[in-house]
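Contents: one structure, followed by commentary.
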Number of protein chains: 2
Amino acid sequence: MSVPTIATVAELAGVSTATVSRALQRPDKVQPETRRRVLEAVAATGFVPNSQARNLRSRATRTVILLVRDISNPFYLEIYKGVEEAAMRAGYKVLMGDARDDDERITHYVDMVRARHADGLILMVGRFPEALKTELSRLPPIVIALETFPELVLPTVSIDNIAAARQAVEHLLELGHRRIAHITGPLPERLAVDRLAGYRSGLAAAGITADEALIVEGDFSLDAGRKAVRRLNETGTSFTALFAASDQMAFGAISELRACGLSVPGDVSVVGFDDIVLADAFVPPLTTIHQPRFDIGRQAMARMIGLLGKEPAAANLVMETRLVVRGSTAPVRQHPHPNPRTKE
Amino acid sequence: MSVPTIATVAELAGVSTATVSRALQRPDKVQPETRRRVLEAVAATGFVPNSQARNLRSRATRTVILLVRDISNPFYLEIYKGVEEAAMRAGYKVLMGDARDDDERITHYVDMVRARHADGLILMVGRFPEALKTELSRLPPIVIALETFPELVLPTVSIDNIAAARQAVEHLLELGHRRIAHITGPLPERLAVDRLAGYRSGLAAAGITADEALIVEGDFSLDAGRKAVRRLNETGTSFTALFAASDQMAFGAISELRACGLSVPGDVSVVGFDDIVLADAFVPPLTTIHQPRFDIGRQAMARMIGLLGKEPAAANLVMETRLVVRGSTAPVRQHPHPNPRTKE
DNA sequence: ACGCTCGATGCAATCGATTACATCCTGCCC
DNA sequence: GGGCAGGATGTAATCGATTGCATCGAGCGT
């Protein structure tokens, strides 16, 4: 009563295992009548080819691993969907892993590919373990999405974080804001560094020198947004607008601002980054930078398929972002609200 | 320059492949000196055992698939984390799949297990394909989480949806609400049916007959929440409170209520279900039913490990939920707000 | 010193499907 | 009718690691 193998089917159909394999893989290579008998036997036994064996022989798994920075950020879900769609279409499966931006975990997933659990890796993580950089030639097929590692030559699908961040700041400037705070991502990382650079360049273009006290480091999480606002309040620096490097941080910031009795956008305008699903259901609906998540996923997978097919490497792709103006930003008040600590 | 195999290592270390395998698998079976030489050779070649070959032989993959109803619902992320933690600890990997509650996709994932891509399947989907019910004896190891299929005897980790929904309704009743609307999940499904039953039983216990016009079917999504409110407004039925079968729907509903000029909780109190991450950052913070997501995931994986280890089946588990009261519910007004359509 | 035990290691079968090559058979042409 | 082409099918090698069994040799007891 064990699992049926190709031999079980062969016996039942009265043919050799080779014929069974051919009947299933290259139908035109066997006679219709034989094929019918084989298919009948397959149905009767409930046979499903053991993919371990098949892959061992064919040296492919038709599976790719999608490794994300932090799986609890819903932002990545939409990307997964894009990857999955392109993969499904090409007969690939997708495995999602949570890197938690931890070198060990990342290396673990790279080893999974080396161990032939999967054919390739789509990376959306903030770090690239040093240990791996030294053995670039041994690396499995890798596509980078969202993030960029300029020192590595790997196919990449990304967005222009500098320009996007700058656009967010320009929007606030147009509304008359001058004291604009910024909650960054984890700072040694490119993604965070670029958005910060965009913020600075936006201010600079308007002739404003960035006040370092208005820049607080976060880590893209909800809680980081809350803490950042608390930190800004503690230092007592006043501001009328806030640009957060992720929607989650924007949400956290708004929730904390409200807790301090400040209204958004009445007292403080807030801009996020990502345009996650809940952004427009939030109260107020969040003004943010929209990223074409689904397409980023799809393109990344397309590149992976190309890579695995030994096609000539496609050029790196920079996807378009756009500013979505909703209710969390408004023109600055004539007399900016004082810092909440000094309020009442 | 191809990938190193166990033979490459064996040659370099001057031993047989068997010894290499043993040095790596059961260190106590080889002499320390031999082992040292083998490990040296492994390091030198960068050898990583091919898991296809290993698993083919050992008939296990140490991978489980976590199949969820809809991957874009962030609710599942926390569950994934629980599963992943328990899995990692036991040396298992976790693959997450998106079922989209589609029979074909579900069957596809079941076949992945049959094809030995994974050892077992943790299901968190609303449907159980009819086709599979007829071949129960052939099914791979399956654990059901969150959902229940009473007609199937499979290890299950769930919550008491009826009691939890009832508790939500009781909270609203205590605040004086009498006209309580309910947005259900997709209705043929157990999860949705149970929460609806809890809603009805809560009302009944207070001597109130449910007004069918106040019950609108949804599908757990943000958009379903918005549409449901629109639908309620169209029919012109007035209500002072709303119980949504998911937080996402609650968010959608609140956003739509606001768009109609109603305040929450001023005009309408809203209770959700799930307590997703953003629930307390929302404005107003959402009153909802908290589910121990992380533990549900962990327990489900624990059951799977037991199942794979051929341990005697553990009893089904019902996890505790609790009502979390936040800012989206308030005592009913003396004179309930009229239906927004008839307003002004 | 002989024989026996037991630990370390090697040999080769094995997991299950794929596929190069061999074999057989049918049918066609001269 | 003989020979040969070509299609259908079978045989067996192969992918790479694991593991039962065989072998070898060191150590020990008498």
Side-chain angles (χ1 to χ4, degrees), chain A residues 2-39 41-42 45-63 91 111-119 140, chain B residues 2-39 41-42 45-63 91 111-119 140:
Chain A
S2 68
V3 187
T5 73
I6 201 168
T8 324
V9 176
E11 194 178 359
L12 186 62
V15 296
S16 75
T17 61
T19 303
V20 173
S21 176
R22 277 188 288 253
L24 295 161
Q25 301 300 314
R26 259 181 300 275
D28 51 308
K29 291 281 182 188
V30 302
Q31 286 210 295
E33 163 60 15
T34 313
R35 189 153 90 94
R36 198 189 53 69
R37 285 220 315 284
V38 169
L39 293 182
V42 166
T45 53
F47 168 74
V48 177
N50 181 317
S51 63
Q52 310 275 6
R54 182 198 301 238
N55 295 339
L56 174 58
R57 190 71 230 270
S58 60
R59 301 156 153 288
T61 64
R62 296 198 83 74
T63 299
D111 277 343
M112 275 184 70
V113 181
R114 288 218 183 107
R116 312 273 46 234
H117 253 109
D119 296 343
Chain B
S2 69
V3 186
T5 72
I6 200 168
T8 324
V9 176
E11 194 178 359
L12 187 62
V15 297
S16 74
T17 61
T19 302
V20 174
S21 176
R22 277 189 287 253
L24 295 165
Q25 300 300 313
R26 258 180 300 276
D28 52 307
K29 291 282 182 188
V30 302
Q31 285 210 294
E33 162 60 14
T34 313
R35 190 154 90 93
R36 198 190 52 68
R37 284 220 315 285
V38 169
L39 293 181
V42 166
T45 54
F47 167 73
V48 177
N50 180 317
S51 63
Q52 309 277 5
R54 183 199 300 242
N55 295 337
L56 174 58
R57 189 71 230 266
S58 59
R59 302 156 150 288
T61 64
R62 296 198 84 75
T63 299
D111 277 343
M112 275 184 70
V113 181
R114 289 217 183 108
R116 312 275 43 236
H117 254 107
D119 296 344

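Here is how names work: the chains are called A, B, and so on, in the same order as the sequence lines, proteins then strands, and each is numbered from 1. Keep in mind that this is a model prediction, so the values were computed, not measured.
Across all strands shown, A:R26 has heavy atoms under 4.0 Å from sugar-phosphate atoms exclusively, and none from any base. Across all strands, B:Q25 comes closer than 4.0 Å only to sugar-phosphate atoms, never to a base (heavy-atom distances). Among the heavy atoms of the strands lying under 4.0 Å from B:S21 is at least one base atom, whether or not backbone atoms are also near.
B:R116 places a side-chain N or O within donor-acceptor distance of the main-chain N or O of B:A118, the cut-off being under 3.5 Å. With hydrogens and angles ignored, the 3.5 Å screen pairs no side-chain donor or acceptor of B:T45 with any backbone N or O of B:V9. The main-chain N or O of B:T5 is found under 3.5 Å from a side-chain atom of B:T8 such that the two form a donor-acceptor pair. Side-chain atoms of B:S51 come within 3.5 Å of backbone atoms of A:A115 as a donor-acceptor pair (strictly under, hydrogens ignored).
Rounded to the nearest 0.5 Å, atoms CG (B:L56) and OG1 (B:T61) are 12.0 Å apart. To the nearest 0.5 Å, atom CZ of residue A:R22 and atom OG of residue A:S16 are 6.0 Å apart.
Relative to the axis of its first five pairs, the axis of the last five pairs of the helix from C:dA1-D:dT30 to C:dC30-D:dG1 sits at 60°, rounded to 10 degrees.
Taking only distance into account, the side chain of B:R54 never meets the base of D:dT18 through a donor-acceptor pair shorter than 3.5 Å.
The side chain of B:A53 lies closest to D:dA17, out of D:dA17, C:dC15, D:dT18.
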For nucleotides 7-9 of chain C, print each protein N/O atom paired with a nucleotide N/O atom at under 3.5 Å, atom names and distance only.
residue, atom, partner, partner atom, Å
C:dT9, OP1, B:T34, OG1, 2.4
C:dT9, OP2, B:Q31, N, 3.0

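Side-chain nitrogen and oxygen atoms of B:R59 include none within less than 4.0 Å of the OP1 or OP2 phosphate oxygen of C:dT14.
Among all heavy-atom pairs drawn from A:R35 and A:V30, the shortest one is CB-CG2, 3.7 Å.
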